[in-house]
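Heads up: the structure comes next, in structure tokens.
Residue numbers begin at 1 in each chain, while the letters A, B, ... track the order of the sequences. Keep in mind it's a predicted model, so treat the numbers as computed, not measured.
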Amino acid sequence: MTTERYNAREAEARWQKVWDERGIFATRNDDPRPRYYVLEMFPYPSGRIHMGHVRNYTMGDVVARYKRAKGFNVLHPMGWDAFGMPAENAAMERKIHPKAWTYDNIAAMKAQLKSMGLSLDWRREIATCDPAYYKHQQKMFLDFLRAGLVERKKSKVNWDPVDQTVLANEQVIDGRGWRSGAIVEQRELTQWFFAITHFAQDLLDALDELERWPDKVRLMQKNWIGRSEGLLVRFGLDPATTPNGEHELEIFTTRHDTLFGARFMALSPDHPLAIAAARKNPALAAFIAECKRHGTAQEVIDKAEKLGFDTGMRAIHPFDRTWTLPVYVANFVLMDYGTGAIFGCPAHDQRDLEFANKYGLGNTPVVCPQGQDAATFVIADTAYDGEGLLINSRFLDGMTIPQAKEEVARRLETELRGNQPVAQRQINFRLRVWGISRQRYWGCPIPIIYCDHCGVVPVPERDLPVTLPEDVAFDRPGNPLDRHPTWKHVTCPQCGRKATRETDTMDTFVDSSWYFARFTDPWITTAPTERAAVDEWLPVDQYIGGIEHAILHLLYSRFFTRAMRATNHAGIDEPFAGLFTQGMVVHETYQKADGTWAEPAEVKIEGSDDKRRAFLVETGEPVEIGPIEKMSKSKRNTVDPDDIIATYGADVARWFMLSDSPPDRDVNWTERGVQGAWRFAQRLWRLIGDAAEIAASAPAERPAEFGPAALAVRKAAHGALARVSDEIEKLHFNVCVAQIYEFTNTLSEAIDEAAETPAVAPDLRWAIREAANIMVQLFHPMMPHLAEQCFALLGHDDLVAQASWPKVELDLLIEDTVTLPVQVNGKKRAEVTVSRAATNAEIEAAVLALPEVQRALEGKKPKRVIVVPQRIVNVVA
RNA sequence: GGCCGCGUGGUGGAACGGUAGACACAGCAGACUUAAAAUCUGCUUCUGGGAAACCGGAGUGCCGGUUCGAAUCCGGCCGCGGCCACCA
């Protein structure tokens, strides 16, 4: 037995310094080896890292260190998603400038990340709030504008009347502003938009190619993009009934097969025709106002009754001039999908049915399910949206739904009214243009100037960046840029007259939509990207982050990359070839008698399993052990990574993060689990110490032959090597950990046995040294500091972080004999060991001779014997 | 409401259609200790028989099916979770 305890705190600082001084994680773009880009979603500098970061960055670091050992030129950078509301909130609450707050936080978090021992190229660090970064973002905004990918239009937004700002949809909770608690209003504001819809079809199609993305994320994006094929139909209106003699109403439908089931038309309250009618009809105007008064809160929408108002207008059925339909304004029709108007078919659409039932409009079933008698098929409270054959539909009767759709489209497409076809096929997307204007200070300024004379004028590129003024006050709500005394007042770059700047800044999701490209060459000052670097490094080989970004960030980045291609800033479409979404870090909750929550660090646990009881360390007051939930400030069930690293070391934190759960599922952080990881680190340290003693006198030359003991050690080592490599490639870190545990068990048994022998044979010494080296390399990606320490202990002068991944000797993995389980009627009864080369007939004979098999057969003759080579034998009696 | 995913010991979880429960945590028993910690050894799905070695039965939410063989594939239930949600 050797050595004292492994002192993680001392060793980790020491090895981090060595890595740092030797600059071994600096990545060169001119390195000729094959490239591998691994990236974790960069953090928002909130001030402290949390356990979710630890998990995320540990996984990325395992991949980075493994790929480096495999001979790749690995790019593994880190940066800061540094713009955003919390900085302004801090400014308002604590009178700190957002910039100072942000950079203080970055410094603190960087120190924390460094204590984790991550193999990052810090020379490439970027912060999105740095003018050296957002300058290029402004340049790309202007390029996108020129390329027709940016538009400016009036649109409805969530407006917080207390904070006086637009809020993103996700910042509206139950219809109220998340900070102010004020009921959010819908306002019409002129905003800047990115035309993500321009790429809707391509963004959808390309999902099929993203084979290394989780199916779940691809499906979520597919649903979000929401393609639907339908028909735009121009219904005639009776001009005598319309406010200004309008004679036409265009609707969008995907169920044109049900056109003969139509009972009414419905307009969105925002529809121009509805507004026009309201001008002449005060009751309608009141109804529309009432519709708008209802918030966008989920609850309201869930419970909202379908309400309508008969405008008195009458529409004419496209297939029958004598058939008129009432035109309603209805609260459930959205203005920003399709044309903002629909035809209602109550029999086959639940919403339409509820509406029709309320207003006594009746229904006509036109699709009859197979096996149902059309004469008795009646719709009452539930619309039928399944398959079937057309009924009550004149020339469509008897057709299937697709046939009927095609027939309707064909007829209406070729029928003209006023030189225009009555209908045309259209593909609609649920995806909307991306509104990027924010009435916020701490964001990237939109480089636009408004001139009364020249209109909307892009800031000339020579004047970039448009930087944020630093002398701003946060004593009032609203946008400090707007009320700054001088900042927005400029002269027009075109005519030289007085003009004003755009005071909105960009959504912070813009900042994070291209940072991965900037990492490939963060030094270039003349352009956002260095084309050669960006095209060679991208797409990111392995991107790792939370599932919460499945749509927003990941979809925006896919759009942005396409836009960058269109403007010659990149030559690729997809930013992330491989995506992995990791699970959350969860923890038990502890609730005090008064209902408040206690932190894990304040709580002491006694007993085990269902007898576990928790007490406050300080007072001994009992606390209730609550459900396991995502770590959050509100439930106070957070564990501070600093505390864990100070107590156990970064390696232990990293190891436990990887060990307990599959990486895509939630991991439950437990004190016991961490202690287990800590014990294992100590055990490894002792094991390598023991191995080093035996290995010290191992022969330098590889022995020509190995005895059985040495061979067994070698087989175990190379088997573990093969399996762990395979599982790292698949990101099955928890299985890796289990394989390393198993290898540890076999290696320590071998070493214990060897230690009992008076004279250990040279070949065994050699094999143990080899195995110990493989062991250290296997756990290096997960526990890099301990690995360096062990590597040195084994007599290496160089660093394990720079060592090549060991090569598997495949010969060692092939056994001469193979042990097969033997089943009788699918139940395991015995095992049989046969030569690897044994024929099926030989195996069958050996199996039938087994006493267990004969007993199970009870003298009967087997019907069949199935031999699956190298796997199993099943005797069918 | 729509779409999707998941149900395996006391717990986290392993398991190309082929020995279910690897590995770990917790637990129990023992060794070493004056003692504790640490460490080491053994046991640990349920159940019947047996002093024991061992021999049998059941078992991956429930019910069926396909197969020589199903945790895995198919169908139907039950339960849990996620995302989207008046998208025509």
Side-chain angles (χ1 to χ4, degrees), chain A residues 1 5 214-217 219-224 226-228 230-231 251-256 258 266 268 298 300-302 304-306 330-334 336-345 348-352 354-355 385 428-432 547-548 550-551 607-612 628 656 659-662 664-668 670-677 679-680 682-683 686 732 734-745 748 752 819-831 852 855 862-868 870-877:
Chain A
M1 282 286 156
R5 269 190 183 183
D215 289 342
K216 185 182 179 180
V217 174
L219 186 66
M220 282 166 74
Q221 291 212 352
K222 185 183 172 211
N223 292 339
W224 186 266
R227 182 183 196 270
S228 55
L231 204 63
I251 60 101
F252 176 74
T253 180
T254 56
R255 287 304 302 272
H256 31 293
T258 65
S268 163
Q298 202 52 61
V300 179
I301 290 173
D302 281 344
E305 209 179 350
K306 306 274 177 285
N331 64 347
F332 66 93
V333 180
L334 304 175
D336 55 358
Y337 187 79
T339 62
I342 61 162
F343 88 86
C345 174
H348 304 290
D349 182 292
Q350 189 61 33
R351 291 159 307 178
D352 294 350
E354 286 170 30
F355 189 81
D385 61 0
N428 254 321
F429 294 94
R430 216 190 67 114
L431 185 69
R432 302 288 148 74
I547 186 83
E548 66 273 18
I551 292 168
S608 65
D609 293 334
D610 52 343
K611 280 169 285 195
R612 292 170 74 243
I628 296 165
F656 178 57
S659 63
D660 240 34
S661 294
D664 52 347
R665 286 198 217 167
D666 293 350
V667 64
N668 185 21
T670 62
E671 185 66 15
R672 279 174 176 166
V674 187
Q675 282 170 0
R679 282 199 300 271
F680 182 65
Q682 296 296 339
R683 188 176 164 213
R686 287 194 305 273
H732 293 171
N734 59 320
V735 187
C736 284
V737 164
Q739 298 287 357
I740 291 172
Y741 270 113
E742 211 166 344
F743 179 32
T744 305
N745 292 341
S748 56
D752 288 351
T819 299
L820 302 174
V822 176
Q823 296 180 333
V824 178
N825 290 334
K827 278 192 190 303
K828 190 199 165 197
R829 296 294 175 184
E831 285 181 349
E852 294 94 333
R855 183 147 37 90
K863 285 193 197 124
R864 244 176 106 185
V865 180
I866 293 148
V867 178
V868 185
Q870 317 299 325
R871 279 249 151 247
I872 200 167
V873 182
N874 192 14
V875 179
V876 186

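At the heavy-atom level, A/Ser659 lies nowhere under 4.0 Å from the strands shown. Residue-level contact check: A/Tyr741 touches the backbone only, with heavy atoms under 4.0 Å from sugar-phosphate atoms and none from bases. Residue contacts shown for A/Val822 are absent, as no nucleic acid heavy atom lies under 4.0 Å away. A/Lys827 comes within 4.0 angstrom of sugar-phosphate atoms only, judged by non-hydrogen atoms across all strands, and of no base. Across all strands, A/Leu219 comes closer than 4.0 Å only to sugar-phosphate atoms, never to a base (heavy-atom distances). Within the nucleic acid shown, A/Arg227 has no heavy atom closer than 4.0 Å to any nucleic acid atom. No contact: A/Asp215 has no heavy atom under 4.0 Å from any strand.
Distances shorter than 4.0 Å separate none of the side-chain N or O atoms of A/Asn223 from OP1 or OP2 on B/A85. In terms of phosphate contacts, A/Arg679 brings a side-chain nitrogen or oxygen within less than 4.0 Å of OP1 or OP2 of B/C25. Close to B/A38, at under 4.0 Å from its OP1 or OP2, lies no side-chain N or O of A/Arg683. OP1 or OP2 of B/C68 lies within a sub-4.0 Å distance of a side-chain N or O belonging to A/Arg864.
Residue A/Phe680 contributes atom CZ, which lies 15 Å from atom C1' of B/U39 at whole-angstrom precision. Straight-line distance from the CD atom of A/Gln682 to the P atom of B/A24: 17 Å, rounded to whole Å. Put simply, CG on A/Asn428 is 10 Å from C1' on B/A88, counting in whole angstrom units. In this structure, CG of A/Asp660 is placed 9 Å from P of B/C25, rounded to the nearest angstrom. The CZ atom of A/Arg430 sits 8 Å away from the P atom of B/C86 (whole-angstrom rounding).
Annotation: salt bridge (charged side-chain N to carboxylate O under 4.0 Å, His left out) contacts of A/Glu831 (sequence neighbours excluded): A/Lys828. Applying the salt bridge (charged side-chain N to carboxylate O under 4.0 Å, His left out) test to A/Arg432 and every residue at least two apart in sequence or in another chain returns A/Asp336. Looking at residues two or more places apart in sequence or on another chain, you find no salt bridge (charged side-chain N to carboxylate O under 4.0 Å, His left out) involving A/Asp666. Every residue was checked against the salt bridge (charged side-chain N to carboxylate O under 4.0 Å, His left out) condition with A/Asp385, not counting sequence neighbours, and none meets it.
Separating the P atom of B/G64 from that of B/U72 is a span of 15 Å, rounded to the nearest Å.
Regarding the sugar-base torsion, B/G69 falls in the anti class, its angle being beyond 90° of 0.
In this structure, A/Phe680 and A/Tyr741 have tilted ring planes: the angle between them lies in the 30° to 60° band.
Along RNA chain B, the nucleotide nearest A/Asn734 and the nucleotide nearest A/Thr670 are compared for position; the residue whose nucleotide lies closer to the 5' end is A/Asn734.
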Show each protein N/O and nucleotides 15-20 of chain B N/O combination with a separation under 3.5 Å, one pair to a line.
{"unit_1": "B/C16", "atom_1": "N4", "unit_2": "A/Arg871", "atom_2": "NE", "d": "2.4"}
{"unit_1": "B/U19", "atom_1": "O2", "unit_2": "A/Lys828", "atom_2": "NZ", "d": "2.8"}
{"unit_1": "B/U19", "atom_1": "N3", "unit_2": "A/Glu831", "atom_2": "OE2", "d": "3.4"}

Legend entry - Dot-bracket pairing map - RNA chain B, Watson-Crick plus G-U, both contacts under 3.5 Å, | cross-strand: (((((((..(((.....[....))).(((((.......))))).(((((....)))))..(((((..]....))))))))))))....

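With hydrogens and angles ignored, a donor-acceptor pair closer than 3.5 Å exists between the side chain of A/Lys306 and the base of B/C86.
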